[in-house]
Amino acid sequence: MMVAPTAAAERARELDFEHRKRERGVWPFVLSMRYLTTALGRLGAGTTPVRASPVARPAPGAASITFVGHATTMITTPGVRILTDPLLENSFYGLRRAKAAGIARTDLADVGLVLITHAHRDHLSHASLARISRKAVLIVPPHCTRLVQGLGFTEIIELDPGRSQIVADVEVTAVPVRHSGTRGFGDYVRRGACGYVIRAAGLSAYVAGDTGYFSGFAEIGRRFRPDVALLPIAGYEPASFREEHLSPLDALYAFEDLGARILIPTSYGSFPLSYERLDAPLAWLRRLARERNLARPDAERRVAVLAHGETVHFRVRA
Ligand SMILES: [Zn+2]
């Protein structure tokens, strides 16, 4: 039991070293200028529309996962359609979204369970929640009910990390993350932040909204052994952001710790919220996946990059 934290600390040091190798002396200046250019460009640039086909509720024993965009994913089981951290708007505080949210209107109307990982405004969006049926069950981290209770949802459940809740044919367990619990911009109350393990139809998926690399991944892997890991891969420059966000390299270490078979990257390519270029996280992840033999579609363990609005279907293993 004492081995895991030591190993995690060693892996965290290894990751710091690997990231430091990428830094240059003038890097902070270059990064901030690049960010300014990207952000200014995004103020005026348009949003590329995304055509998302409706995803039918699967037959018993199957499930599907759709990458909607940013941290939003849709998990569809025979019994319920789940949306994580819905952010569906084309603008975030004036920043135009590069690619629209990829979800069919009929699927949005069918959402029965919403999982919120933390209170940051790109994860808990009132405008997006307002577009979801009031009949959907809303699961939020501790101390977040007050942020959503005026929206008219009939059932709001605060889930402490370690606790589980069953909704339809799905069991949701909240798990710890390493991320800030405040909402920001005028709301600095300490609120909870978590990830979720979703077990349904023989499939188990781990979802993180935002998190830094930490020893919790190995523990979650040991306890839940998820099949699929939905991990954010952006927001890692400047280097201090890695305290609370994963780079593609961090995400691959987390993927390994979790013991998952499929890594689906999220949170890239929509909004410039950090210094790296919008297309940099995916390019880096693809290169790492090729180098580590995780890119082949038939590989035992693999990285599955989904386009916005793209769906991957899973059948229960016999
Ligand atoms: Zn966040």
Side-chain angles (χ1 to χ4, degrees), residues 12 15 19 31 35 38-39 42 67-73 83-89 91-95 97-98 101 114-129 138-148 158-161 172 174-197 206-214 216-217 220 229-251 254 264-276 278 280-282 285:
L15 280 167
H19 284 87
L31 289 172
Y35 176 73
T38 310
R42 274 285 108 217
F67 177 50
V68 177
H70 198 56
T72 313
T73 59
L83 213 52
T84 67
D85 287 348
L87 183 66
L88 309 172
E89 278 51 59
S91 166
F92 182 70
Y93 291 89
L95 286 177
R97 188 173 187 140
V114 178
L115 306 179
I116 302 288
T117 63
H118 62 294
H120 280 158
R121 288 161 204 268
D122 55 326
H123 294 259
L124 194 167
S125 160
H126 286 153
S128 296
L129 287 172
L138 206 52
I139 294 184
V140 299
H143 315 297
C144 288
T145 297
R146 216 174 57 77
L147 296 172
V148 293
E158 271 194 12
L159 216 52
D160 283 306
V172 178
V175 290
V177 287
R178 178 193 266 200
H179 198 66
S180 160
T182 57
R183 183 154 170 77
F185 304 126
D187 180 326
Y188 298 100
V189 176
R190 194 81 205 154
R191 304 188 188 278
C194 61
Y196 294 103
V197 174
Y206 164 79
V207 184
D210 279 335
T211 180
Y213 180 78
F214 75 132
F217 289 117
I220 294 162
L230 294 149
L231 294 172
I233 60 161
Y236 50 85
E237 284 178 3
S240 58
F241 279 25
R242 277 189 56 247
E243 277 294 312
E244 300 200 7
H245 296 92
L246 298 174
S247 75
L249 184 61
D250 293 321
I264 298 176
T266 65
S267 288
Y268 60 86
S270 290
F271 298 101
L273 301 178
S274 47
Y275 281 5
E276 76 270 3
L278 265 185
L282 206 49
L285 182 70

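Throughout, residue positions are numbered sequentially from 1 according to the sequence presented. Both ligands and their constituent atoms are indexed starting at 1 by order of listing.
When ring centroids are compared, Tyr268 and Phe67 come within the 6.0 Å threshold.
A donor and an acceptor atom, one from each side chain of His19 and Ser247, are located under 3.5 Å apart.
Taking the six-membered ring for Trp and thresholds of 30 and 60 degrees, His118 and His179 have ring planes more than 60 degrees apart, a perpendicular arrangement. The aromatic rings of Phe214 and Phe217 lie perpendicular to each other, with more than 60° between the two planes, well past the 30° mark.
Comment: Arg97 does not engage Glu89 in a salt bridge, judged by the lack of any side-chain N to carboxylate O separation of less than 4.0 angstrom.
Remark: the backbone N or O of His143 is paired with a side-chain donor or acceptor of Glu158 at under 3.5 angstrom.
Protein N/O/S atoms found under 2.8 Å from the Zn ion (ligand 1): His118 NE2, His120 ND1, His179 NE2, Asp210 OD2.
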